[in-house]
Amino acid sequence: MRMFNRRNFLQLTGLTATAVLGGPALAACSTPPLPGLAPTDPQADGSAFKPDLDLILKATASEVALLPGSATRVWTYAGSVVSGDPDAVQAIPGSYLGPIIRVRRGQKVRVTFTNDLPGSGQASIIHWHGLQVPAAMDGHPRDAVQPGQSFVYEFEVTDRAGTYWFHPHPHRLTAQQVVAGLAGLFIVSDDEADRVTLPSGDYDLPVVIQDRVFDGDNQFAYSPDMMTAMMGYLGNRLLVNGQPDLSLPVATRAYRLRMLNGSNSRIYKLAWSDGTPLTVIGTDDGLLDAPIDRPYVMLSPGERLEVWADLRNRAVGDELRLISQAFTGAEGIGSAGGMMGGGMMGGMMSGGAAQGIELQLATLRVERQEAETLSLPTALTPITRHRLADAVNADAPRRVVITQRNMTWKLNGRDFDMMAVADDEKVKAGTLEVWEIVNDVNPGEMMDPLGMAHPFHFHGVQFQVVSRSLSTDYPDFATGYATVSEGLVDEGWKDTVLVMPGETVQLLMRFPNNPGVYVYHCHNLEHADNGMMRNYAIEA
Ligand code: C2O
Ligand code: CU
Ligand code: CU
């Protein structure tokens with residue numbers, strides 16, 4: 001059996017051509033756009049929707065200066081407020097990211113999304129990652145609209161305060177549209193979280209982490225070849241908040257950092273350069289019940305993390321760097337000595353840098369002395385824990401088994417089907433269920449037969465992680481796992497969870513009373529685009 005890794009696969013197949021993103025070149029993707037369905041009328045019951053906030057978001061082409069020399073052609077969301085708080089939409093000058101949308105729990109929001117991606121031929125649709133909104137408002141790939149068309153969202157924000165985000169979700173086009181620049185934060189506040197005194201305003205900072213490959217003319221390069229589809233896109237330039245080498249001037253204060261991994265497939269092992277522990281105050285869907293310290297924290301694509309960054313005792317002139325430490329085991333395991341062979345080390349592809357290498361992300365540069373009145377709260381917001389015993393299927397968890405067959409990742413042996421929902425993918429509104437995500441081995445597969453790490457995500461429901469267990473069948477599982485396990489934060493509300501090779505993660509989720517069809521998928525965006533996604537239905 002021949003074994004491949006990222007590096008030698010390209011040499012062996014000659015797949016080194018690199019498409020350049022931006023404008024019509026994106027149409028080089030061989031997948032034809034999917035037909036968009038007409039927007040559904042959310043007010044089918046005849047009641048008038050009176051938005052507290054009425055927004056326009058337009059996906060459009062633009063340019064930003066990122067590197068010395070040519071400007072980079074990007075796609076971006078241009079946002080504006082039709083009615084409601086004019087500060088609800090905050091553009092990020094000089095960045096393709098954003099805008100940042102700020103809403104309060106209980107607000108009714110209308111967003112008119114227009115696909116203005118001229119010349120691209122690409123359908124698009126926005127998904128509100130982490131929000132539990134009605135199925136028709138969730139941005140299912142089948143609701144994607146063609147260039148020139150619009151989709152109107154109307155929903156009430158019912159979720160707890162947290163750092164949510166939005167990004168495109170057209171099937172087979174999500175990965176390249178996110179690389180082109182389409183993504184923004186959706187920050188929800190509420191009374192409960194307001195009772196916790198945390199840094200705010202200038203001391204509450206977004207940290208959106210992404211990676212890119214630039215070509216010789218400063219353009220984002222994206223090569224949707226077989227290798228990228230199989231393993232995921234890894235860049236060699238790190239961008240934070242859309243900026244290379246981000247250096248933030250800070251004061252001797254405490255900061256709230258809202259971190260989002262907006263990368264397609266890169267996983268980060270976040271740490272402070274000087275060994276200070278990371279103080280975690282929140283996860284995907286809001287604050288924890290109490291802060292926790294970790295030597296490092298894993299952040300896989302789609303996940304969020306809120307951190308209390310304490311600079312109170314730093315001196316002016318100090319620098320604190322946010323880094324990603326080296327780790328192993330996310331891919332390419334089962335090499336020499338492994339019973340199934342294969343894999344070897346994750347290597348480079350298309351100019352990208354390997355998964356798991358050490359990286360510099362951003363620098364906090366202490367510039368000003370300021371007196372701080374805040375100290376780290378001992379209690380944050382209460383979290384009601386789901387109990388396994390309360391799950392309707394406590395004795396028989398639903399299983400989602402991740403496998404690879406013929407170079408394609410599958411969920412329970414199935415590929416994505418735009419319309420299909422299998423019998424074992426139907427749940428009842430209001431019930432608490434336990435689901436197991438099982439990262440299985442792939443005997444006989446030539447790439448990564450022991451699997452790779454997958455960030456697993458559910459639309460339409462927030463969950464709690466109940467347990468993790470690691471297969472002991474192959475020693476290689478434990479070796480890699482030991483380099484990441486202390487950084488898995490399972491204490492809070494989540495919608496995306498990292499599942500390592502050989503690992504089974506149990507999730508408890510109560511499906512909201514929002515009947516309809518949602519997707520669940522791997523948030524490695526190349527995996528999702530290539531079919532590692534399924535529908536599930538919440539039934540009334
Ligand atoms: Cu962040 Cu299905 O998405
Ligand atoms: Cu989502
Ligand atoms: Cu995956």
Side-chain angles (χ1 to χ4, degrees), residues 124-133 135 137-144 153 155 159 162-175 177-178 182-186 208 210 228-234 260-267 284-285 299-304 330-331 346 355 400-405 407-411 415-416 418 437-440 442 447-448 451-463 493-501 503 505 509 512 514 517-536:
S124 196
I125 193 73
I126 294 177
H127 165 60
W128 316 99
H129 182 124
L131 294 183
Q132 301 175 116
V133 297
M137 299 295 115
D138 188 57
H140 190 286
R142 66 194 183 195
D143 292 332
Y153 298 85
F155 56 84
D159 292 297
T163 306
Y164 303 94
W165 66 300
F166 59 98
H167 61 77
H169 222 299
H171 191 42
R172 297 198 182 281
L173 299 171
T174 297
Q177 291 188 3
V178 171
L182 295 172
L185 291 173
F186 192 101
V208 180
Q210 298 179 307
T228 305
M230 172 74 197
M231 303 301 284
Y233 168 84
L234 294 173
L260 158 67
N261 183 347
S263 311
N264 282 25
S265 78
R266 185 175 295 285
I267 299 165
D284 295 346
D285 306 319
L299 195 67
S300 69
E303 286 186 302
R304 286 87 69 211
E331 62 177 69
Q355 183 76 282
V400 179
V401 181
I402 297 168
T403 56
Q404 184 208 142
R405 293 292 175 264
M407 309 270 303
T408 310
W409 299 100
K410 312 266 186 194
L411 302 177
D415 290 316
F416 183 55
M418 193 65 89
I437 316 301
V438 183
N439 199 342
D440 209 352
N442 308 288
M447 293 274 309
D448 285 57
M452 64 182 286
H454 302 279
F456 211 81
H457 173 54
F458 284 80
H459 286 213
V461 65
Q462 300 179 354
F463 55 74
W493 284 102
K494 293 191 59 66
D495 53 61
T496 308
V497 65
L498 178 61
V499 187
M500 290 292 286
E503 190 174 32
V505 179
M509 33 198 176
N514 283 330
V517 173
Y518 295 87
V519 292
Y520 62 106
H521 60 88
C522 178
H523 219 285
N524 176 316
L525 293 182
E526 281 69 31
H527 290 186
D529 268 357
N530 289 285
M532 196 178 180
M533 172 156 72
R534 288 288 302 174
N535 285 324
Y536 79 94

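All values below come from the heavy atoms of this structure, side chains included, with hydrogens, waters and symmetry mates left out. Whatever order the structure lists them in is the order used to number ligands and atoms, beginning at 1.
Panel note: side chain Asn264, backbone Tyr233; no donor-acceptor pair is recorded below 3.5 Å. Without hydrogens or angle criteria, Asn261 side chain to Arg266 main chain gives a donor-acceptor distance under 3.5 Å.
Evaluation of the salt bridge (charged side-chain N to carboxylate O under 4.0 Å, His left out) rule for Glu526 yields no partner, not counting sequence neighbours. In this structure Asp285 satisfies the salt bridge (charged side-chain N to carboxylate O under 4.0 Å, His left out) test together with Arg304, sequence neighbours excluded.
Less than 2.8 Å away from the Cu ion (ligand 2), the protein contributes these N/O/S atoms: His127 NE2, His457 NE2. Closer than 2.8 Å to atom 2 (Cu) of ligand 1 sit the protein N, O or S atoms His169 NE2, His459 NE2, His521 NE2.
For His454, the N/O/S atom at the shortest distance from the Cu ion (ligand 3) is named ND1. Checked against the Cu ion (ligand 3), the N, O or S atom of His527 at the shortest distance is ND1.
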> Given His457 and Trp165, is the ring pair (Phe, Tyr, Trp, His ring centres under 6.0 Å) satisfied, shown in steps?
Replying inline: CA-CA 13 Å; His457 173 54; Trp165 66 300; 8.7 Å; no
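Side chain to side chain, His527 and His521 fail the donor-acceptor criterion of an N or O pair below 3.5 Å. Between the side chains of Gln404 and Asp448, no donor-acceptor pair is found at a separation under 3.5 Å. With 3.5 Å as the limit, one finds no donor-acceptor pair spanning the side chains of Thr174 and His127. Asp138 and His169 share no side-chain donor-acceptor pair at under 3.5 Å.
When all heavy atoms of Gln132 and Gly460 are compared, the pair lying nearest together is CG-O, 3.8 Å.
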